[in-house]
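All remarks here apply to the structure that follows.
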Protein chains: 4
Amino acid sequence: MQSRTPASRAAGGRPRSAAADAAILAATREALVELGWSKLTLGDVATRAGVAKTTLYRRWAGKNELVVDAVAELFDELRLPDRGSLAADIEGVVLQFAAILARPEAKSGLMAVIAEATRDDALRERIRTSIVDRQKRLVVEGRARAQTRGELPTELDPATGTATVDLIFDVVVGTVVHRTLVSAEPADEAWAQAFTALLLHGLRGSAP
Amino acid sequence: MQSRTPASRAAGGRPRSAAADAAILAATREALVELGWSKLTLGDVATRAGVAKTTLYRRWAGKNELVVDAVAELFDELRLPDRGSLAADIEGVVLQFAAILARPEAKSGLMAVIAEATRDDALRERIRTSIVDRQKRLVVEGRARAQTRGELPTELDPATGTATVDLIFDVVVGTVVHRTLVSAEPADEAWAQAFTALLLHGLRGSAP
Amino acid sequence: MQSRTPASRAAGGRPRSAAADAAILAATREALVELGWSKLTLGDVATRAGVAKTTLYRRWAGKNELVVDAVAELFDELRLPDRGSLAADIEGVVLQFAAILARPEAKSGLMAVIAEATRDDALRERIRTSIVDRQKRLVVEGRARAQTRGELPTELDPATGTATVDLIFDVVVGTVVHRTLVSAEPADEAWAQAFTALLLHGLRGSAP
Amino acid sequence: MQSRTPASRAAGGRPRSAAADAAILAATREALVELGWSKLTLGDVATRAGVAKTTLYRRWAGKNELVVDAVAELFDELRLPDRGSLAADIEGVVLQFAAILARPEAKSGLMAVIAEATRDDALRERIRTSIVDRQKRLVVEGRARAQTRGELPTELDPATGTATVDLIFDVVVGTVVHRTLVSAEPADEAWAQAFTALLLHGLRGSAP
DNA sequence: GCTTAACCGAGACGGTACGTCCCGTCTTGTT
DNA sequence: AACAAGACGGGACGTACCGTCTCGGTTAAGC
């Protein structure tokens, strides 16, 4: 998750301050809230964190990398709730996701790094590793639980399975993001219900 | 679409060059392709357009507004093809849309201005007016055509109708954008078919 | 005194507004008082004069030429007073000259155009014609009156005469300017008396 | 002479480059020779000095302050020659001073900053400190030497003494400047002799 | 408990782009 | 033909950050 080489602690010398990392990431989120991506400066983050600019550059390559790390942590709090039915479970995750996206430190930073990633493969890979793939667990988990409950047929073909996971992920994440950030309409419970209904009927009908 | 007041030709003075507008927007797209959003500078755009920086600032408030206008034009070429069935029509639009998003001048700029819009209401409104609402016509048209064909029930409640249009729009646009820009996987014909199938079953199943 | 060609009124067409000239020069002096040379802009002068920028440029080549003309008029009010003795006459002129130099429209502009003239022969010539030579009359007049009174010997050699006029002029003008603008001390009556005494003794002693 | 506080090396951080100062002042004089005051730009000076524009602005508040410092150094080479008599000594200094004023880097800049100083008290003070007062030593020295030689009476009243020093200084500097820059006539040996004669007779005659 | 190498803060450095101001010129339509 | 209005290409301004580079001064591991 960090850009520093993990095995760089070979030789002696003063070790890096662990507190600095946390302070910097927290300062980054704070600055994202107050200033937004475009007006956030690394000098300002360093000052907020009570750290020299050099310390910051020693650990991250630039603004993009720093913000990816700062934002990634936000999504780790997503949980797949057990509400008894697939529909209710999906609804729960959708609402949680929408709630995170409503926070300014998330929306300010997330779209910006995605934009930057359109021209920077390393950054896109970092985003995928740090954020996207980490949350795909929710789709996999949800499907497994639904299969246990008998709500979905047991999948056999692993290729088709992967494709379906990816599709569902794109649909859910993409739709919620678009609703929240572009349409700028609230993703409230009523909307989550309508969306979930559409998604579930789609899944059941188009499967085989 | 421009920042100048359309009816501002009240008083005397040399009129603004119409050619400059086109040159600037074209230069902006060219620079987006070559440099991407973050390295695009207004000074460079002005030079490419053979125009003074002041001329550019006289017409647009900043980089965001300029890029919104430059990108908006790209989506005007979207057409609802008549392929005989709703499924095929949707597939066609999805592929067209994905093709535009695959062009660097679109993806470089679009996500960046959306990111900026999270902190700038005027910009979000401009995006909605210039880009989003303009393309909602496709959903409305498509539904009308499907109703004519008898593929979809005739909608009665206008409120529900609007909500459905918005939902479909969020699902289609959001999913394609996420697939293309975040997952960075090709939105090819096979994928478009799978996605369309999911969407249509969802629509039919969740309608009543 | 103007830069327009005097014989340019050959052909027909609308004649130039005479009022504009006066308005522009007055506006220039006003702007000199408020803003000083370096912050004075021709656009601002034009606005103050209620005139278009083009009108201004049609008549003067630039800021330097305009300010020379605007400032030159200030010195025309200098008079050689008849106070009964050469010493008193000189004192009177010195005090008048110091009073004009104390006015912001004079000091702001005069030194600036002199500075510019160090690299612009045409401008220096214009200054000499419009300002300097015009006021040498005072020295010539003063000497003639003193000779009539018998306070100075009748000069014979015209070359020496010219040289002396120039020297006196440099001494008087240079000293008053330096006292007023560089030393920034008041050129009051006491000082004028001391200076005049020095000058007169110098003249009487070094004459033959 | 610099704008930085001399005792500002209290805290840590990289110290300012001493070489940069010299390079900037030299580049300023070079640019004054080539371009003159009004066409001199700080960006160009920075480039010539091989220095970033920010480095320049970190040390000087603007063009005026920079040029004062650059020009001030030129006058430090003035020396009071010992030519055996007061008249010859004055002549020597006058000629040296005229020679410096004839150099384009001096005349281009000096009058311009004096012009600016008419509206800027801080700048005037800086000029007085950096240039004017520093050279008054010549008058004081010259008088002392003349008193030793018995060419001038020993002064008693210190107030009158100061006033006389100031008056002589204004006369000498003002006259030479006016001759050189406004009248634009050469201040050659013949002229210097005539002027010195006038000044000395004036001093001897008006003293008591 | 002494070395010693990497860390840290501070801040100056060369550089790039910003958005603004003014320049002097050039269209406009009007007088 | 001169005029008011104002857009135009151009150039410099002074500022803000960038990412790098010295500084002097900690600080902990390993001798």
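Sequence lines set the chain letters: A, B, ... in the order given, protein chains first and strands last, and positions in each chain run from 1. Side chains are part of it too, since the values below use all heavy atoms of this structure and drop only hydrogens, waters and symmetry mates.
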Within 45° cone of Trp37(C) ring axis and under 6.0 Å: Lys63(C) NZ or CZ
yes
Once you round it to whole Å, what is the distance between [atom2] of [N] and [atom1] of [X]?
| X | N | atom1 | atom2 | result |
| --- | --- | --- | --- | --- |
| Arg16(D) | dG14(E) | CZ | P | 12 Å |
| Lys63(B) | dG19(E) | NZ | P | 9 Å |
| Trp60(A) | dT20(F) | CH2 | P | 16 Å |
| Ile24(A) | dC7(E) | CD1 | P | 13 Å |
| Leu42(B) | dG19(E) | CG | P | 6 Å |
| Leu35(A) | dC17(F) | CG | C1' | 13 Å |
| Leu56(B) | dA7(F) | CG | P | 15 Å |
| Lys39(A) | dA17(E) | NZ | P | 20 Å |

I'd like to check [X] versus [Y] (side-chain heavy atoms, cut-off strictly below 4.5 Å). Are they in contact?
| X | Y | result |
| --- | --- | --- |
| Trp60(C) | Leu25(C) | yes |
| Ile131(D) | Leu110(D) | yes |
| Glu34(B) | Lys39(B) | no |

Heavy-atom nearest nucleotide on DNA chain F for Gly62(D) versus Ala20(B): which residue maps closer to 5'?
Ala20(B)
Any N/O donor-acceptor pair, Arg14(D) side-chain to dC21(F) base, under 3.5 Å:
yes
Would you say a side-chain N or O of [X] is under 4.0 Å from OP1 or OP2 of [N]?
| X | N | result |
| --- | --- | --- |
| Arg59(A) | dC8(E) | yes |
| Thr41(B) | dA17(E) | no |
| Thr55(D) | dG14(E) | yes |
| Arg58(C) | dC3(F) | yes |

With distance as the sole test, does Arg124(D) use its side chain to make a donor-acceptor pair with the main-chain N or O of Ala117(D) at under 3.5 Å?
yes
On DNA chain E, does the nearest nucleotide to Lys53(B) precede the nearest nucleotide to Gly50(D) from the 5' side, or the other way round? Give the residue.
Gly50(D)
Select from Leu40(C) and Thr54(D) the residue whose nearest nucleotide in DNA chain E is closer to the 5' end of that strand.
Thr54(D)
Checking dT28(E), dC18(F), dT20(E) against the side chain of Tyr57(A) (C-beta onward), the nearest is dC18(F)
Can you identify which nucleotide, out of dC8(E), dC23(E), dG15(E), has its nearest atom closest to the Ala52(D) side chain?
dG15(E)
